[in-house]
Structures are given as structure tokens and as C-alpha cells.
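Everything on this sheet refers to the single structure shown next.
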Amino acid sequence: MSRSSGRTPVLTPYLQVAPLALIMLAMVGIPIVTVVLLSFWQSDGIAIYPEFTWDNYRLVLTSPVTLTLFLATLKYAAITLVATVLIGFTCSYFLVFHVRNLKWQIGLFLLCTIPFWTSNVIRMVSWIPFLGREGVFNQALMAAGLIDRPLDILLYSDFAVVLTYIHLFTLFMIVPVFNSMAKINPSLIEAARDAGASGWQILWTVIVPLSRTGIALGSIFVVTLVMGDFFVVRVMSGGQSASVVSAMKNQIDQLFYPEASAMAVLLIVVVLMMVSAILRIVDIRSELAR
Amino acid sequence: MSESRIDIRGVSKLYGPVRAVNNVDLVIEGGSYCCMIGPSGCGKTTLLRMIAGHEAPSAGTILIGGEDVTHARTGSRGTALMFQNYALFPHLSLTDNVAFSLRVKGVATAERRMRAREMLDRVQLGHLAERLPSELSGGQQQRVALARALITNPKVLLLDEPLSALDEFLRLRMRVELKRLQNELGITFIHVTHTQPEAIALADQVVVMDHGLIEQAASPREIYNHPHSPYVARFMGGQNVLSGKVESVAGTGAVVVAPGGMAWDLPEAPGVQPGQEVRFSVRRDRIRVVPDEPARNGVSGRVINTEYQGTFVKLALETGSGEEFIITMGDEAWFARPIRVGETVHAAWEPGMSHFLQGSNNSVGTPLED
Amino acid sequence: MTQSTGRRGAGFWLLAAFFALFVIFLYGPMLVIFILSFQGPTGGLTFPLRGVSTHWFGDLWSSTRYGDLGGAFRRSLMLGAMSLLITAAVCLFAGLAFRRRFWGAGPLFYLAITSLVVPGILLGLGISQLFQLMGFRLQWWLSGLGAHLSWTLPFGLLIMFAVLNRFDGSWEEAARDAGASPWQVLRLVTVPILFPGLIAVALFGFTLSYDEMPRSLLTVGGRNTLPIEISNMTTNVTTPALYAIGTVTSVISFTVIAAAFVAIAIIQKRRARAKRGA
């Protein structure tokens, strides 16, 4: 029973939530339905006709490019996910269990999160002078005598794409993992140590299981962000690689809205399947409710 | 009619299918100190919140001073509630916390601050008037909450477990203070608690609740000496509950026989029939340890625990009834002839000490005392 | 904390080094473009610096090569300000509503989460097509703002949940008990107590909108926002002017973040004045 609610009128929450509900419906719910509708409509490249057709899906599903695009996107997502989990977990572990002063802990945590509030485009662009043929990295390697010709694979490559993803999205992993780790009762660790567990055993049997909701939440963020990106892959691969959404963006630029919509619906289905698979492993709702 | 008398008539509160308060009738005399007691979930807090107006009854009426306030707005019915966690506004100084109700009534700043300062002086916190609640100790916070409630000049002060967040020492001190304050103000106090000594020490009227029902509403002495049901006897503590079959009836009295054959005299057991299963209570401090097995009005059992309590010693006997039988005896008598765990002990009491339990609520409750 | 030993072991220093590397990884590249934005007039996109100047900042201002940067900047600030206000207000009330069970709470929550998970450009496509189907023109202050809100509101809502986790409903009851009207409860108790959290929500509202690009792309109509202009520049502009605009917009972001943190810190400090002379 919710005691805080005793006497306020039944209508109150509906009035309070109405603005959010209206905006969400108008700007999320109905637009998504529109995309789904569009994916069943016909187009001749100039105009769109509201007549039902499977053609868009037939086109998308029979094209060998589609599979390649999805595999490429999944590959980016997988590599980025592994890297962000490793980095995010290690950094959170350091902050929660090794930084003993609360002020330092909060300060260093904020240091990790501040870039979130700045422009992703600029943060991506900032890798260009770093990775280019005459970039900082190549200059440093040459100066150190490790290479005698600048490396070409650093910029405008898959490496650059993944590096940028890691750079942009790791904090989406750190924040939730840090949150769940910070909730671990320190006496649990002491109890494990009293029971004779080694550092690694404590890590595997106590900390990792208790952080898994955070890892799952972070994974959802990272996977969906990577799979929804078109800009990083376009710029940082120098136009050599493509992902599902960057291909979709090309179709949109050519005004092939129905095909793009069919691709989008397919992508949403794949993303939702992945998200629900993650949700199946851990119950995030209970985590949010805590 | 006193303007702070409270009449609760047929009040129920339903949360979905759960009856938190079930058709309760209760009169609380104006200017009295009433304690509502029961295990958690018994409906005492819900009843309090309905008097305060934070919950609307599903059925029934509530009158304060003869006036129907069942659907009156919170804060306009002459009640003031002191919250269990005090709910002091963290962003306001003590003065502004206490002055809050004056502020929402539109009292000018200077006047309301002056009156708040007076009230803070009254609870001996005038010197901290500009502090924030977070800078106070638990006991100080409680006094601020009291001042904030009292500044509205309520007819009825409602206290939701007011002492539960304090340590033992402060609790005893604040208990005295609450009683003194109530005497001074002469208004009705309704105090929800789950600790028996608190209720017994403070109340003019104790209301014992269980499962949304009032089991008994009476003076502490009446509750203690004449509990209505086995539940009340057990929950309020200090009693042994025994059961047996009625063998014979004589006038208003009856003779009850235990499964083991012991006969007990009940001086007052109106309306019982021979053969009926009945329960009665005997105060633990009215029982004597005797050298030989008594013929009537006694029990025998093996000692399973002894506990020294300072002024008395507590013996727990295993009598085969399934419920511990407890005797409290003077420490001198015990130390004169200590009784060890494992010994068999015989106990007896005067026939007049057996109190017939009319009520049928036989639940164990959760006696927090001893 | 839990370790009883005063000395820090090798594990600590290894992890500290890793963390330091991560921080360098996070901020290093940004630092490089801040430095390079002060490149001399003849300098290029990489080191070495050929002199130090504010040439490229001036170039942004005076040159016509970069399109309508001033206008885009103004529109982004306006959108950010509108998102800030709407996000704070809408999320405050929605957060309060979500404390109680109400019909449709679950679906609405999932709709908000969907908005975070769905690729931004796709939502932009949906919004733009919806507007076109209904015969409305795309306007940055309407369809554009809506697209931004689809991004800022779900984040704001999640922050609001976290903020309300530490909000005790009995404060509101105590206010009602003292005779406060619903409006007085909101004005005198709920909003003041939640204020630091609301600043955080507003910060999200502004910066997420100010830096938003994929959702804006198809929804702002003919008039671009700053992130769209900058992303166009990434493919067209090969001078340090690109870094200069990056520096300008990052400085604005950092200023807003700092202002929000300072505001929160001031409020917290005022509330938790040390027990001097206690």
C-alpha cells in the first residue's frame, strides 16, 4: 500500500504525467508507428504512395548487402562492448574499492562523466589530429624510432571507428557499473575475506555477480548506441565502412524513405531482441526500483 | 461535550481486499492520553492517519468535538500529527520549520517568527533557532517536531511512534516530558506505539489492536488486570495463559480442569457451559513456588530457564501445555534457595487470581517485552 | 574503508595507472584540439603549431565559407533553453506522478526507454514523415524541439527517479498537516527540497539538446542547429577553424556544467552549514 498517497485525488497523477505522455506519444510513439507504416508503402523515388506492399522488405531481405551490413554493425557492437565492459568495470572497481576518500571518489567519478555533457561530434573530431598520417600518434611513434613510415591504418579505418566508439560510450558503462558496485555492502567483502577467499575469488564470486545489473544496463546503452550510429562510422572510416544506420542514412538522402523504413524496422527488431536477451539475464527493473 | 473528544463510529479502511481497519468504534475522551498499541500491521497507524486526515475512511464517520470531520481537509480539523521520522523540512531553519503552519495561513513574517521562537524556547531549543534540522540530534529533532505540531494550537495531538527512533535513555526522558506536556496543555494526545511499558506508563486509555480490530480499550490497570482475550494477555505481557475444560458451573464461577487433571477455580466466568474449552490468565507476579504439588490452583513443571532481572528473578517452566509458564519471584526468595534449570517446580496461586478470558482472539501477538 | 592496512599495495597502483590512462584517453584528444585551435594562420590540422593566434576563431566569425554559424548557434542555444525549461518542468511532475501506481504507468515508462534505445536518425525520420503526412512544415522550434524532447525527457525522467528516491513523502504530508494547500506544498516544500536534483535534470535538458545531432538532422527543416553545422564542417572544412568551433562549443558546455555544479554546491552548502560553534 502506498501511504504517501492517502488523500490526494485519484486524478492527480494523470494530470501530472499528461505532458510527458503527450510529448512521448507525439514524438516517439506515433513517429515509430509512422516508420512502420512507411515501410509497407510504395515509392518510385520521387513520391510515396500509401498502398500496401511487401516490396521494401523483399528488397531489404533478399539483398546480400543487408547481411553484410548487419554483420559489420554487430562486429562493431561486440568489440566495443567487450572493451567498454573491461574498461568500465576496471575503473569502477578502482573507484569503489580502492579510492577510500569519498570526496575523491565522487570527484574522480564526475571526471569520468563530464565528457557526457559535451558534444559527441567534437569528441569524435578530436581524434583526427591524433590519428592522422601526420598526427600526434604517428609523430610520437616515429620520434621513438618504432616505425619509419607513418601508419595509415590509424585514421579512416575500422580501428578509428571502434576507438571512437570506445571513447564516446565507455562512460555509459562506467555510470551504471559504478552505481551497482557502490551499493555492495563492504561487510560482504570482509565476510568473504574472513571465509578465506582470495582477491580473485572475491572478485568473481562477490563483486562480479553483484555488479551484473549495472553491466547489463551499460551493455544495453552501449549496444544500442553503437547500432544506432551512422556518423562515426561514416567519418572515421573515411567512407570505407558502413553500418546498418549509415546505409539507411544513404537511402534517406536519396529519398528512398520506404526502403529505409523497412531497414529501420528490421534494425529495431534486432535491437529489441538483443535488449530483451540482456533483460532476460538480469532483472533491471528491480535494480531501478532500489 | 469537550471540544477535543473523538468519536470513531464504524470506521473501516480497505486497501484492495485488505481490511487494514475493520469497522472500529471508539470513544476517546477530551483531554485524555490515549495509546494505541498492537503489532505492526494491526491498523493502529492507519487509524491514526484517518483521524489526522491523511487517509480517507472507506466507511464510517469520525467526529472531533462532536463535529463530523470524516472528509474535512487535513490541517483544518484541529489535529496535528507528529511523524515517526519527524519529517522536518530539511531546507528550513528550526524557526521556519516551526513557523510553517503560520506561514501557510498567511501570518506576517515578523509575527510568525516571534511565535515560533517562543515555541522553540518552550521546548528548550531557542538557542538553536537558526540551525537546520540536519545539525540536530535525534532528541532535539523530536522536540522541534513537537513544537511544529503544537504551534497550530491543536485540539488533538497525534503521535506516530514518537519515541521509537530514540535510544533507551532519551526514550524514558521524553516519555516523562510527553506526559508533563499533556497535563499542561490539557488537550487530547493519541499516541501510537508498539511497546507495552510506554503505553502502560503514559495512557489514561490503552487501545489494543489486532488485525484491524480493537481487542480492548480500557485503562492500563484494567487492561493489565482484566485482559479481554488471550491475545491481549499475551501481548501486554506479565501474564500466563492457561486453558482447560469446564467441569462444573456454580453461580458465576466455574471449575476448569487441565488435560493433566489439575483443577482451577474461576471466580468469575459468566455464561460458560460444562464441557466448554476456556482460557484464563494468571499474573506472573501472583504465583508462589510451593514445596509440594498443590491440590488445586497450581501447576508443576520442569525449569527450562532462569533469568536474573535485578529486583526479581524470572523462572520459565515447561508444563506440557505447549506454552511456557512463567513465574516471577523476589530476588531474595530466589537467592535464599536458588532453583536450577532442570528441577521440577510446583507453583500455586489464590483462586481469586485466575481471570477468565472472554475474548476468542488466541493469537500469540509479538510480545516485545521480555 | 574496508582495508585495514594503511599502505597501498601494488594492486592499487596498477589500477590507479589504468584509471589515469583512461582519463588521458578521455580528455587528451580534446586537449589537443583546444591547443590546435590556436594554430597560426598558416598552420594545418596537425602539429607542429605554426605560431599561436586566434586567427581561426576570427575566421569563423568573418568567413562565409562555414554557412550560417551564427544563426545555428543562436538556434541551438534557444533549443537548449527551451529543452531545459520543459524537461525540468515535465520531469518534475512526471516523477511525482510515478510515485503512485496509475493506469498506463508501465507502457509510458517503456515508451520513454524505447526513445533512448531507438536510433536517433530513425526517430527523426518518423517525426519528419509524420509532420509531412499531416501537412505541417518542419520547423526547428516545433518538430526540432519535439525531437530534442524525445531525447531529453527520458533522461530527465530517469534522473528524477533517482532524485525522488531520496525524497521522503512524509515531508509533503507534514506540510498538508500544517494546513498547506497543494500549491503551497509544491512551492514551499517539494520544489525547494528537490531543487538541487532539478538543476541536474535541467543540466541534462540543456546539454543533451545543445549537442544533439542525429534526431535534429531530419527534423529542423531548412535551418540547421550548431551540431549539424559542425558535422557538415567535418567533411568540408580542412582548416583549424573546425577545431576553433569545437573549442567554442566545448567551452560553452563546460561553462554550463560548471554553473550547474556550482549552483548545486551552493545550495548543498547552505543546507549543510558546518556545525560551527555547535
Side-chain angles (χ1 to χ4, degrees), chain B residues 15-16 45 48-49 51-55 72-93 96-107 112 116 127-128 130-137 140 144-145 148-154 156-158 160, chain C residues 88 92 95-96 99-103 105-106 160 162-202 262-278:
Chain B
Y15 294 106
T45 298
L48 187 83
R49 290 170 55 82
I51 298 171
H54 288 295
E55 308 276 348
R73 207 161 68 82
T74 311
S76 70
R77 42 171 75 192
T79 59
L81 175 60
M82 202 179 106
F83 290 81
Q84 184 174 5
N85 56 2
Y86 315 136
L88 296 177
F89 304 126
H91 61 303
L92 298 181
S93 69
D96 290 334
N97 257 287
V98 175
F100 187 84
S101 71
L102 303 176
R103 182 172 178 188
V104 300
K105 285 190 190 79
V107 176
R112 68 171 189 249
H127 60 294
L128 300 175
E130 295 310 313
R131 293 289 178 86
L132 291 172
S134 57
E135 300 171 53
L136 303 188
S137 71
Q140 290 170 331
V144 179
R148 187 177 67 180
L150 289 176
I151 202 160
T152 59
N153 285 323
V156 180
L157 182 66
L158 305 164
D160 186 5
Chain C
L92 167 66
L96 293 176
R99 290 184 299 173
R100 291 173 65 178
R101 239 170 276 158
F102 60 89
W103 186 85
M160 204 64 219
V163 169
L164 283 170
N165 244 343
R166 281 169 295 162
F167 182 80
D168 184 348
S170 59
W171 284 321
E172 292 173 320
E173 288 196 330
R176 278 198 283 277
D177 204 73
S181 66
W183 169 241
Q184 283 175 320
V185 175
L186 188 72
R187 192 167 57 88
L188 300 177
V189 175
T190 315
V191 168
I193 295 178
L194 291 176
F195 203 70
L198 282 175
I199 293 178
V201 173
V262 167
I264 293 174
I266 288 175
I267 294 170
Q268 305 282 34
K269 194 166 242 168
R270 206 184 289 163
R271 285 195 190 168
R273 279 173 302 187
K275 296 183 186 176
R276 274 178 305 237

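Hydrogens, waters and symmetry mates play no part in the numbers below; they use all other heavy atoms, side chains included. Note on naming: letters A, B, ... go to the chains in the order of the sequence lines (proteins, then strands), and numbering restarts at 1 for each one.
Among Ser76(B), Ala52(B), Ala80(B), the residue with the largest count of heavy-atom pairs under 4.5 Å with chain C is Ala80(B).
Listed by first and then second residue, the ring-ring contact (aromatic ring centres under 6.0 Å, His included) pairs that reach into residues 168-194 of chain C are Phe167(C)-Trp171(C), sequence neighbours excluded.
With a 4.5 Å cut-off on non-hydrogen atoms, Asp177(C) touches chain B through its backbone and its side chain both. Only the backbone of Leu88(B) comes within less than 4.5 Å of a heavy atom in chain C; its side chain stays farther off.
Residue-level contacts of residues 189-202 of chain C with chain B, in order of numbering, are Val189(C), Pro192(C), Ile193(C); threshold 4.5 Å between heavy atoms.
Residues Arg148(B) and Ala174(C) approach most closely at NH2-CB, 3.4 Å, considering heavy atoms. Minimum heavy-atom separation, Glu173(C) to His54(B): O-CE1, 3.1 Å.
Atoms NZ and CD, from Lys105(B) and Gln184(C) in turn, are 10.0 Å apart once rounded to the nearest 0.5 Å. Note that CZ of Arg176(C) is 11.5 Å distant from CG of Leu81(B), once rounded to the nearest 0.5 Å.
Contact of the Phe89(B) side chain with the Leu188(C) side chain is not registered, since no non-hydrogen atoms from C-beta on lie closer than 4.5 Å.
Under the rule for a side-chain contact (heavy atoms from CB on, under 4.5 Å), the partners of Ser137(B) that lie at least two apart in sequence or sit in another chain are Gln140(B). Arg112(B) pairs by the side-chain contact (heavy atoms from CB on, under 4.5 Å) definition with Ala99(B), Leu102(B), Arg103(B), Val107(B), Thr109(B), not counting sequence neighbours.
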Run the numbers on Ser170(C) and Asn85(B) for side chain to side chain contact (heavy atoms under 4.5 Å, CB included), then give the verdict. CA-CA 8 Å; Ser170(C) 59; Asn85(B) 56 2; 3.5 Å; yes
